[in-house]
Number of protein chains: 2
Amino acid sequence: MPQYIKDRWDKMTPKLDYGIVIQNVVASINLFTTIDLVTAYQTLIDDDDLFVSYNPETFPGLILKIKKPKISSLVFSSGKLVLTGAKSTEMVHEGVVQMTKILRTVGTKIDEDPEIIVQNIVASGHFNHRTINLELAALWLEHSMYEPEQFPGLIYRLAEPKTVLLLFQSGNLVCTGAKTESQVRQAVENTYNTLDEINAFDF
Amino acid sequence: MPQYIKDRWDKMTPKLDYGIVIQNVVASINLFTTIDLVTAYQTLIDDDDLFVSYNPETFPGLILKIKKPKISSLVFSSGKLVLTGAKSTEMVHEGVVQMTKILRTVGTKIDEDPEIIVQNIVASGHFNHRTINLELAALWLEHSMYEPEQFPGLIYRLAEPKTVLLLFQSGNLVCTGAKTESQVRQAVENTYNTLDEINAFDF
DNA sequence: CAACTATTTAAAAAGCTTTTTATCTCAAGT
DNA sequence: ACTTGAGATAAAAAGCTTTTTAAATAGTTG
């Protein structure tokens with residue numbers, strides 16, 4: 001499509017302006033090995049650069065937090081981990097490298113390349129700072145829940161992409177459940193268009 | 001009936017294959033005496049081979065557990081007991097012998113032969129590992145209850161023999177309420193035939 | 001006269017435990 | 001007044017608990 005047609009199209013259907021900031025990326029990792037959590041705990045507990053917690057009677061995973069990059073992880077004896085707190089997929093990979101180094105120091109044998117799967121992306125954002133009439137939105141949005149006395153945000157379950165958005169009167173939002181940044185953008189755009197269609201914006 | 005006719009019969013009506021393992025036999029016992037539970041508790045509490053518990057304000061029976069055979073019993077001041085955890089009727093009898101010995105050491109006079117009545121047999125089993133369509137089974141089985149969100153098994157109340165079976169999608173089952181091993185077999189066979197008739201098996 | 005107290009046992013699904021993160025409202029405690 | 005925490009959302013990991021069924025026993029409570 002030639003550029004002049006694209007420009008004309010954009011003029012006819014101006015893009016809805018919005019903002020998105022990825023706040024948390026959760027990933028599951030498989031190191032294809034087994035880990036002695038008791039030894040790991042005893043060895044790492046004295047390291048001031050780390051936070052380590054292990055209470056198998058309440059939770060089977062060992063909690064390990066590192067500072068660079070600032071990431072938390074749940075380490076399981078099966079060799080699988082869960083990383084949380086990353087601000088990007090790239091940061092998840094850096095985190096895996098660091099966690100792997102630490103686990104090797106406690107005697108864990110890691111030969112294969114770790115399998116990394118992003119399981120959830122949480123993002124905050126806004127619809128160009130336009131405030132929302134949540135009562136009206138709750139009335140017209142399918143699969144929405146709005147109980148302000150329980151929680152101030154409207155809970156909106158989007159089918160495609162399969163995500164959940166928390167919409168606030170201020171026009172701010174939280175999107176969770178996405179597996180890629182693209183899905184986050186699509187979720188916010190779809191929701192923005194729908195809110196516009198049902199005239200849920202105050203202006 | 002001559003063997004050749006038996007063989008021919010078996011060929012015409014091949015036995016449905018299934019498995020049964022008795023997991024728990026519950027029996028009530030009457031020692032025809034009275035038992036001082038406070039004395040029994042104080043005397044037996046120091047024996048490391050036994051587990052003893054007695055809280056009359058919450059339950060009137062004294063709880064006594066032995067290791068050989070591994071059986072638990074509820075002992076009442078009336079001289080009656082309830083044995084649970086046995087894997088066979090024979091094991092119940094061994095349990096009564098051991099329990100009797102222990103109760104004599106705490107001053108209980110036992111002259112008559114104990115009356116032993118098997119009250120319930122619990123068994124696990126399978127229908128030759130054939131998986132079941134529980135939705136279909138629930139539709140056609142009389143006296144059946146199936147609420148997967150509450151419990152994954154279908155509850156089937158058999159009239160003859162009067163038992164209750166828990167049927168699972170995997171083809172595994174639990175039979176309870178029977179008073180003899182024969183009743184367990186009959187219950188499983190009857191249920192197997194019925195499930196076959198209503199085509200509840202996936203293959 | 002039920003229903004609860006307590007004991008045992010299998011099945012399997014679902015729910016809880018923990019971690020992270022933004023958002024906003026209301027409550028309690030400093 | 002001011003801060004903190006809980007309320008709701010998603011996702012993974014793995015271990016535990018709850019759910020259901022039957023039966024006897026014998027106290028208490030509704």
Side-chain angles (χ1 to χ4, degrees), chain A residues 21-29 53 55-61 63 65 71-78 80-87 117-125 145 147-153 155 157 163-170 172-179, chain B residues 21-29 53 55-61 63 65 71-78 80-87 117-125 145 147-153 155 157 163-170 172-179:
Chain A
V21 176
I22 291 180
Q23 301 286 1
N24 181 27
V25 177
V26 180
S28 59
I29 285 85
S53 171
N55 289 79
E57 66 281 355
T58 64
F59 188 69
I63 298 151
K65 304 182 190 182
I71 282 182
S72 287
S73 74
L74 307 177
V75 183
F76 300 91
S77 59
S78 63
K80 294 182 177 178
L81 0 185
V82 173
L83 294 218
T84 64
K87 293 293 184 186
I117 301 174
V118 172
Q119 300 285 0
N120 184 27
I121 293 179
V122 182
S124 59
M145 266 179 52
E147 291 175 52
E149 64 287 340
Q150 200 192 2
F151 186 70
I155 299 154
R157 285 160 202 285
T163 51
V164 174
L165 291 101
L166 307 181
L167 308 179
F168 299 91
Q169 189 275 330
S170 64
N172 284 332
L173 66 96
V174 170
C175 174
T176 183
K179 297 213 180 283
Chain B
V21 175
I22 292 179
Q23 300 285 2
N24 182 27
V25 177
V26 179
S28 59
I29 285 86
S53 172
N55 289 80
E57 67 280 358
T58 64
F59 188 69
I63 298 150
K65 304 183 189 182
I71 282 182
S72 288
S73 73
L74 307 177
V75 183
F76 300 91
S77 57
S78 63
K80 294 181 177 180
L81 2 184
V82 173
L83 294 217
T84 65
K87 294 291 184 188
I117 302 174
V118 172
Q119 300 285 1
N120 183 26
I121 294 179
V122 182
S124 59
M145 265 180 51
E147 291 174 53
E149 62 287 340
Q150 202 192 1
F151 186 70
I155 300 155
R157 285 161 201 284
T163 50
V164 174
L165 291 100
L166 308 181
L167 309 179
F168 300 90
Q169 189 275 331
S170 63
N172 285 332
L173 66 98
V174 170
C175 174
T176 183
K179 298 215 179 282

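In this text the structure is predicted, and so the values were computed from the model without any measurement. Only this structure's heavy atoms are used, side chains among them; waters, hydrogens and symmetry mates stay out.
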DNA chain C: A/Leu74 or B/Thr58, which has the more 5' nearest nucleotide?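 Its nearest nucleotide lies further toward 5', so the answer is B/Thr58.
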Strictly below 4.0 Å: does [X] bring a side-chain N or O up to OP1 or OP2 of [N]?
X	N	answer
A/Ser170	C/dC24	yes
B/Gln150	D/dT19	no
B/Gln23	C/dT8	no
A/Ser78	D/dA14	yes

Quick check: on DNA chain D, is the nucleotide nearest B/Leu166 upstream (toward 5') of the one nearest B/Gln119, or the reverse? Name the residue that is more 5'.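 Nearer the 5' end of the strand: B/Leu166.
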Pairwise 5' ranking along DNA chain D for B/Val26 and B/Ser77, keeping only the more 5' one: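 Looking at the nearest nucleotide for each, B/Val26 comes out on the 5' side.
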[X] [atom1] to [N] [atom2]: how many Å, rounded?
X	N	atom1	atom2	value
A/Phe59	C/dT20	CZ	C1'	13 Å
A/Glu147	D/dA8	CD	P	10 Å
A/Ile117	D/dA11	CD1	C1'	12 Å
A/Lys179	D/dA11	NZ	C1'	6 Å
A/Leu165	C/dT21	CG	C1'	15 Å
B/Leu173	C/dT9	CG	C1'	13 Å
A/Ile22	C/dT21	CD1	P	14 Å
A/Ile155	C/dC24	CD1	P	15 Å

Nearest to the side chain of B/Lys65, which nucleotide is it out of C/dA10, C/dT7, D/dA22?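 For the B/Lys65 side chain, the nearest candidate turns out to be C/dT7.
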Could you check which of D/dA22, D/dA12, D/dT9 has an atom nearest any side-chain atom of A/Val82?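 When the side chain of A/Val82 is considered, D/dA12 is the closest of D/dA22, D/dA12, D/dT9.
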Nearest 0.5 Å, what's the [atom1]-[atom2] distance between [X] and [Y]?
X	Y	atom1	atom2	result
B/Cys175	B/Leu173	SG	CG	7.5 Å
B/Ile121	B/Gln23	CD1	CD	12.5 Å
B/Ile71	B/Lys87	CD1	NZ	11.0 Å
A/Ser72	A/Leu81	OG	CG	12.0 Å
B/Ile29	B/Gln119	CD1	CD	9.0 Å
B/Ile155	B/Leu166	CD1	CG	6.5 Å

Looking across every strand, which nucleic acid part, if any, lies under 4.0 Å from [X] by heavy atom: base, sugar-phosphate, or nothing?
X	result
A/Gly61	nothing
B/Ile63	sugar-phosphate
A/Val164	sugar-phosphate
B/Ser53	nothing
A/Thr163	nothing

Considering only heavy atoms and no angle criterion, is a donor-acceptor pair shorter than 3.5 Å present between the side chain of A/Ser124 and the base of C/dA22?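 Check fails, no donor-acceptor contact within cut-off.
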Can you find a donor-acceptor N/O pair under 3.5 angstrom joining the side chain of B/Asn172 to the base of C/dA11?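 No, the side chain and the base share no sub-3.5 Å donor-acceptor pair.
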Using the six-membered base ring of C/dA11, report whether B/Phe168 stacks on it, requiring centroids under 5.5 Å and planes under 30° apart.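 So B/Phe168 does not count as stacking on the base.
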Is A/Phe151 stacked against the base of D/dG7, taking the criterion as centroid distance under 5.5 angstrom and interplanar angle under 30°?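 It does not: the ring fails the test against the base of D/dG7.
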